[in-house]
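Here the structure is a predicted model, which means the values were calculated and not measured. Every chain is numbered from 1, with letters handed out A, B, ... down the list of sequences.
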Amino acid sequence: MLVTKSYEEINSKIEKGEAVVLTAEEVIHVVEEMGVEKAAKEIDVVTTGTFGAMCSSGAFINFGHSEPPIKMQKVWLNDVPAYTGLAAVDAYIGATEVREYGGISYGGAHVIEDLVAGKDVALRAKAYGTDCYPLKDIQTSINLTNVNQAYLYNPRNMYQNYAVATNSSEKTLHTYMGKLLPRNGNATYCSAGQLSPLLNDPQLRTIGLGTKIFLGGGVGYVTWEGTQYKTNVKTVNDVPAGAARCLAVSGDLRGMDPEFVKALYFPQYGTSLGLGIGVPIPILDEQVLKATCIRDDQIFAPVLDYAEQSRARKPVKLVNYQELRSGAIDINGKEVRTSGLSSYSKARTIAGKLKSWIEKGEFGLTKPVACFPAEQVQKTLEIREVKK
Amino acid sequence: MTVKECKVQLEYTPDLVSVPITYRLARDLGLEINILKAAIDENGGKMILFLKGEERIVAEGLRSLEKARVRVKPLGDYVVKDDARCIDCGGCVSLCPMSAYVMSLDDYKVRLDQSKCVACGMCIDSCPRGAIALNQ
Ligand code: SF4
Ligand code: SF4
């Protein structure tokens, strides 16, 4: 008999504090011992987690109106420009925007980190002055307690899987995948593998629009498919062997924890936001459970040579995450040392925290309001003739 | 017998550049030595040595160097890792030529084994959290 559970059944167990919750690491061993059929009856939720550089992150902030009011046509937060092509006193601070003066080592990610840490941030704004918004300049300071809204809206987070980077050229490359040493001196990867949210529900059966998640230590929601979301990726062991699906997420900066919102700076590349996300997976049936049992040695990623400066880099080979985490992989007969850029120890902490929230009945599960595309191809940008 | 291991930095004037100081330590005293770094310029020579041997003999070797007008400094920690800033991403792990940064496969935390460091400086600009710095 196939086991099926509804969201309502699972939530009522959570409310009563009776739900059986395991992390995506723990579930592997439990199912090995118990068998899928029995385990599917027992287990209600599997929690996942990831912590890594999520470049496509940023925050909307509404500063409130000054006296006299200003339209804020240009805004800087700690000298980092924020986007203001919106209604008056709304701005969007992007994680990878770098400050205008003083070098690229401080950017929007640092502003967000400072805000979450409860610090004051300098606000400077300029405007051309209108009949309704006469003020042309303002300088003040803001923090999370005195602005109206401040929430993350990240268009592309939580990549399902990601390619491994190496460099066959003669010189060191500085990339968003970190420092890549010459002559394949190292290789870097960026996925929580068996703990990674979208690898534990590869077809997104339970994760969709409106899914409630752990975001930066607080609560957030899945708000859309991620930009560059695609499904036409080769799969191995039923999971994509390369970057495939990703999600847009949103959540209030208030309530986030500095431990899971960390600014990153990659020398000679720029800034990014290190962000922790966790997603609960309701065990609706055996199939959902089976997918959460994926192990590092079953998840593969292509190795790409960043010496080739083209979007159509041909993979050198496929490697699995167990090999990557062992510290070295083989590339053309050479032992190449590996570095993860996503923190597995933090991913574990996140899956564990989310588990305890659910066990204590503090975090209920949501059924997606809508599902994301089952099939989607990522388009490229061609350089076309511009018609006048 | 107590075995001692230590790392020392040697500095010497240009006239000593041609003297085989490390060879003497090995041949005359039977110390195990490893040259971690060596550089010579117009101001003389600078060398970082790893020494291993009986405590008494190591001390004798260091004294003989000083007698030969070599300045001997124990090498403290060349780099420091600020664990409060570190997020255990492992970015530094594959960059250190001596594998001084180790990601434990139990708790997936990254630790710096100072005894392996040869003061090459490769890791300084590798950390996205700015957790690695020269020990000033
Ligand atoms: S690169 Fe920096 S943050 Fe990452 S493990 Fe090394 S010291 Fe820690
Ligand atoms: S200075 Fe060189 S040897 Fe020492 S820890 Fe850094 S990379 Fe390793």
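Atom CG of residue B:Leu65 and atom CG of residue B:Leu62 lie 6.0 Å apart, to the nearest 0.5 angstrom.
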Please test B:Asp15 against B:Arg69 for salt bridge (charged side-chain N to carboxylate O under 4.0 Å, His left out), starting from the C-alpha separation and ending with a verdict. CA-CA 10 Å; B:Asp15 55 306; B:Arg69 289 184 296 109; 2.9 Å; yes
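Heavy-atom pairs under 4.5 Å with chain B peak, among A:Ala53, A:Gly185, A:Gly274, A:Ala263, at A:Ala263. Considering only heavy-atom pairs separated by less than 4.5 Å from chain B, the leading option among A:Thr188, A:Asn186, A:Thr271 is A:Asn186. Taking A:Ala347, A:Ala328, A:Gly340 one by one and counting their heavy-atom pairs under 4.5 Å with chain B, the maximum is reached by A:Gly340. With chain B as the partner, the residue from A:Ser272, A:Ser326, A:Pro267 showing the most heavy-atom pairs under 4.5 Å is A:Pro267.
The existence of a salt bridge linking A:Lys262 and A:Glu113 is excluded, since no basic side-chain nitrogen approaches an acidic carboxylate oxygen closer than 4.0 Å. Salt-bridge formation is not detected for the pair A:Asp79/A:Arg99: no Lys NZ or Arg NE/NH1/NH2 atom is positioned less than 4.0 Å from an Asp or Glu carboxylate oxygen.
Heavy-atom distances place both the backbone and the side chain of A:Arg325 under 4.5 Å from chain B. For A:Tyr269, no part sits under 4.5 Å from any heavy atom of chain B, backbone or side chain. Proximity to chain A (any heavy atom under 4.5 Å) is shown, for B:Leu95, by both the backbone and the side chain. With a threshold of 4.5 angstrom between heavy atoms, B:Ser104 does not approach chain A through any atom at all.
Note that A:Lys346 lies outside the cation-pi zone of B:Tyr108, set by a 6.0 Å cut-off to the ring centre and a 45° limit from the axis. Seen from the ring of B:Tyr101, B:Arg111 does not count as a face-on cation partner, given the 6.0 Å and 45° thresholds.
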